[in-house]
Asker: 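I have a structure here, written as structure tokens, and I will follow up with some questions on it.
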Amino acid sequence: MSGVPVPTQSDQVQLRMAARALGRAGLAHAYGHCSLRLDADHFLVCAAKPMGLIQPGEDGIVVPVNGALPEGVLGEVRIHQQIYRRRPEIRAVMRSMPVQVMALSAARLTPHARHGMGTYFQPGIPLWDDVQLLRSDDQASGLADLFGAGKALVMRGNGAIVAGASLVEALTLTWYLEDSARIELIVRSAGLGDSPILSDEECSLRATNSGRIYERMWDYLTAADPEATLFNI
């Protein structure tokens with residue numbers, strides 16, 4: 001097809017590695033998907049199957065940022081479309097099902113910035129307060145509007161959306177989001193829910209990407225991947 005970019009082997013391998021890492025880390029199960037922007041008008045989404053079961057060589061599908069979803073692409077991938085339309089700086093989107101994020105969301109709660117890894121989500125993590133699956137463009141558009149300029153959004157009883165400047169960043173932030181939920185649950189279960197939350201200034205200073213912060217988490221989460229030797233960061 002004219003004008004449709006052809007993903008490189010590196011694109012496909014990196015996307016598969018990110019997908020399998022989400023499954024391996026318990027951040028997704030049978031449901032979820034991740035994508036990588038190819039250019040202003042297209043992105044690559046992983047195969048429509050449980051991410052942890054995607055096999056080496058099992059390529060993703062190119063999806064237009066504007067237009068109908070191609071055959072074989074999961075309906076909620078329209079969330080990715082809407083975020084890419086609004087955020088030209090975003091290069092990767094992940095739809096995951098982190099257990100502790102889900103537990104908090106069932107109570108209509110999202111994590112606060114209480115520890116280092118929680119500082120990356122300022123000015124906060126919005127809650128999409130609807131348990132229904134997003135199967136329409138109107139729903140996906142509303143979610144993307146709520147997502148705004150942030151890095152993460154929690155869906156009540158239905159997982160999370162994380163976006164980043166790369167798959168490496170988006171995978172790292174998905175792990176950070178779940179760890180933030182873990183801390184939030186521990187603090188609240190100890191009766192310390194009213195304890196101080198880190199200030200915007202503290203968060204801004206702490207939320208660094210220097211020192212291979214994201215890259216080291218990528219290495220950790222993809223260490224056992226069968227295609228790890230094919231993609232280096």
Side-chain angles (χ1 to χ4, degrees), residues 22 25-35 51 74-87 89-90 92-165 169-200 202-204 206-207:
L22 287 168
L27 298 171
H29 38 63
Y31 312 120
H33 26 84
C34 58
S35 66
M51 289 190 284
L74 297 170
E76 286 199 345
V77 172
R78 53 180 37 94
I79 295 170
H80 302 234
Q81 287 182 310
Q82 295 289 342
I83 292 174
Y84 286 131
R85 286 179 197 176
R86 289 162 173 76
R87 303 278 299 278
E89 81 282 10
I90 293 299
V93 176
M94 293 189 171
R95 170 80 167 95
S96 60
M97 299 286 183
V99 173
Q100 302 189 78
V101 169
M102 296 270 276
L104 273 179
S105 75
R108 291 190 167 98
L109 298 171
T110 65
H112 292 300
R114 297 187 185 273
H115 75 323
M117 293 174 187
T119 63
Y120 288 77
F121 301 103
Q122 291 304 94
I125 303 167
L127 176 74
W128 176 255
D129 195 9
D130 188 346
V131 299
Q132 304 305 319
L133 297 175
L134 274 79
R135 296 290 175 81
S136 75
D137 290 334
D138 286 345
Q139 288 174 301
S141 179
L143 184 146
D145 286 343
L146 181 61
F147 193 100
K151 294 182 178 179
L153 174 146
V154 171
M155 304 166 72
R156 179 161 65 92
N158 203 21
I161 307 292
V162 171
E169 179 181 2
L171 178 62
T172 298
L173 292 178
T174 301
W175 198 94
Y176 286 3
L177 178 63
E178 176 70 338
D179 201 58
S180 297
R182 179 183 67 85
I183 295 297
E184 188 72 31
L185 284 166
I186 290 172
V187 168
R188 288 176 177 272
S189 65
L192 302 173
D194 293 332
S195 58
I197 296 168
L198 296 173
S199 68
D200 288 347
E202 288 174 311
C203 289
S204 179
R206 172 60 178 82

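Throughout, numbering of the chain's residues begins at 1 and tracks the sequence.
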Asker: Could you check whether Arg86 and Gln82, counting side-chain N and O atoms only, form a donor-acceptor pair closer than 3.5 Å?
Answerer: yes
Asker: Is any side-chain heavy atom of Glu76 closer than 4.5 Å to a side-chain heavy atom of Asn158?
Answerer: yes
Asker: Within this structure, what is the OG-CG distance for the pair Ser141 and Leu146, rounded to the nearest 0.5 Å?
Answerer: 11.5 Å
Asker: Is there a donor-acceptor pair under 3.5 Å between the side chain of Ser105 and the backbone N or O of Met102?
Answerer: yes
Asker: Over 60° means perpendicular and under 30° means parallel, so tell me whether Tyr84 and His80 are parallel, tilted or perpendicular.
Answerer: tilted
Asker: If you count every heavy atom of other residues, nucleotides or ligands that lies below 6.0 Å from Asp194 atom CG, does the total exceed 12?
Answerer: no
Asker: Check whether any side-chain heavy atom of Phe147 lies under 4.5 Å from a side-chain heavy atom of Pro126, and answer yes or no.
Answerer: no
Asker: Looking at residues at least two apart in the chain, or sitting in another chain, which of them share a side-chain contact (heavy atoms from CB on, under 4.5 Å) with Leu143?
Answerer: Ile79, Trp128, Leu134, Leu153, Met155, Ile161
Asker: Distance from Leu173 atom CG to Ser180 atom OG, nearest 0.5 Å?
Answerer: 9.5 Å
Asker: Would you say the side chains of Arg206 and Tyr120 form a donor-acceptor pair under 3.5 Å?
Answerer: yes
Asker: Please check this pair: side chain of Arg87 against backbone of Gly148, looking for a donor-acceptor N/O pair closer than 3.5 Å.
Answerer: yes
Asker: To the nearest 0.5 angstrom, please state how far the NE2 atom of His115 sits from the OH atom of Tyr176.
Answerer: 9.0 Å
Asker: Apply salt bridge (charged side-chain N to carboxylate O under 4.0 Å, His left out) to residues Asp130 and Arg156 and explain how you reach the verdict.
Answerer: CA-CA 6 Å; Asp130 188 346; Arg156 179 161 65 92; 5.7 Å; no
Asker: Using atom types as modelled and distance alone, determine if a side-chain donor or acceptor of Thr174 lies under 3.5 Å from a backbone N or O of Ala170.
Answerer: yes
Asker: Please tell me whether Thr172 and Glu169 have a donor and an acceptor in their side chains that are separated by less than 3.5 angstrom.
Answerer: no
Asker: Please step through side chain to side chain contact (heavy atoms under 4.5 Å, CB included) for the pair Val162 and Lys151, ending with a clear verdict.
Answerer: CA-CA 6 Å; Val162 171; Lys151 294 182 178 179; 5.6 Å; no
Asker: Between atom CD of Glu178 and atom CD of Gln100, what is the distance when rounded to the nearest 0.5 Å?
Answerer: 5.0 Å
Asker: If you compare all heavy atoms of Ala113 against all heavy atoms of Cys203, which two are closest, and at what distance to 0.1 Å?
Answerer: CB-SG, 3.6 Å
Asker: I'd like to check Arg188 versus Leu109 (side-chain heavy atoms, cut-off strictly below 4.5 Å). Are they in contact?
Answerer: yes
Asker: Let me confirm one number: the OH-OG distance from Tyr31 to Ser96, rounded to the nearest 0.5 Å.
Answerer: 15.0 Å
Asker: Start with the C-alpha distance between Leu104 and Val154, add both sets of side-chain angles, then the distance that settles side chain to side chain contact (heavy atoms under 4.5 Å, CB included), and finish with yes or no.
Answerer: CA-CA 9 Å; Leu104 273 179; Val154 171; over 6 Å; no
Asker: Do the side-chain N and O atoms of Arg114 and Ser195 include a donor-acceptor pair separated by under 3.5 angstrom?
Answerer: yes
Asker: Distance check, rounded to the nearest 0.5 Å: Leu27 atom CG versus Cys34 atom SG?
Answerer: 11.5 Å
Asker: Checking Ser136 side chain against Gln139 main chain: does a donor-acceptor pair fall under 3.5 Å?
Answerer: yes
Asker: Answer yes or no: is there a donor N or O on one side and an acceptor on the other, between the side chain of Thr110 and the main chain of Ile125, under 3.5 Å?
Answerer: yes
